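Because the structure is a prediction, the values reported are computed rather than measured.
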Amino acid sequence: MDVFSSAIRAKGDIAGVFEYDGAGDPQNATAYFYLYRADSKEPDSIIDVLHIRSGAWLITKADIAVKWDKSERRVGLFVFGKLAAAFDIETGKKHDGGYGGDFQADIPWD
């Protein structure tokens with residue numbers, strides 16, 4: 001099963017995009033969280049990427065949410081309601097749970 005979710009910043013310039021590609025074989029499945037230039041006309045508009053997980057993962061679209069924080073400084077990936085990864089647009093820092101490890105509770109968020 002493939003799962004996709006995204007959220008574009010109010011300015012319409014940048015998006016956070018989650019993609020889980022089941023690849024037809026759960027053992028070869030991968031999940032990534034992308035920082036994407038939403039207003040670009042270029043074919044490859046990926047700014048940065050975090051590898052979230054490899055292998056079979058029992059998730060559905062309802063289990064995933066991509067959201068911007070109040071200041072629209074950070075875009076985060078929420079899995080099962082918990083913050084699992086984030087990009088900080090101002091500092092360029094990225095945070096993740098370590099390739100399928102436990103989700104980090106200390107990811108900055110406002």
Looking at [Y] and [X], is any side-chain nitrogen of the basic one under 4.0 Å from a carboxylate oxygen of the acidic one?
X: E72; Y: R9; answer: no
X: R74; Y: D88; answer: yes
X: R37; Y: D13; answer: no

Answer with yes or no whether the hydrophobic clustering places [X] together with [Y]; edges join I, L, V, M, F, W, Y residues whose side-chain heavy atoms lie under 4.5 Å apart.
X: V49; Y: F18; answer: no
X: L50; Y: V17; answer: no
X: V3; Y: V75; answer: yes
X: Y34; Y: V79; answer: no

| Taking it one step at a time, do R73 and T91 satisfy side-chain contact (heavy atoms from CB on, under 4.5 Å)? | CA-CA 9 Å; R73 172 184 170 173; T91 67; 3.3 Å; yes

Atom pair [atom1]/[atom2] of [X] and [Y] - distance to nearest 0.5 Å:
X: W109; Y: D69; atom1: CH2; atom2: CG; result: 5.0 Å
X: I14; Y: I8; atom1: CD1; atom2: CD1; result: 11.0 Å
X: I52; Y: D96; atom1: CD1; atom2: CG; result: 6.0 Å
X: D2; Y: E19; atom1: CG; atom2: CD; result: 7.5 Å
X: I89; Y: S71; atom1: CD1; atom2: OG; result: 10.0 Å
X: D48; Y: L35; atom1: CG; atom2: CG; result: 6.5 Å

Short side-chain to backbone donor-acceptor contact, [X] and [Y], under 3.5 Å:
X: K67; Y: L77; answer: no
X: W68; Y: A7; answer: yes
X: D21; Y: T30; answer: no
X: Y20; Y: W57; answer: yes

| For the residue pair H51 and S54, what are the closest heavy atoms and their distance? | NE2-OG, 2.7 Å

| message | Less than 6.0 angstrom from the centroid, inside 45 degrees of the normal: does K61 satisfy that with respect to the ring of F4? | response | no

| message | Ring centres under 6.0 Å, that's the criterion: do F33 and F87 meet it? | response | yes

| Going through the checks in order, is the side-chain contact (heavy atoms from CB on, under 4.5 Å) test met by S6 and V66? | CA-CA 5 Å; S6 65; V66 177; 5.5 Å; no

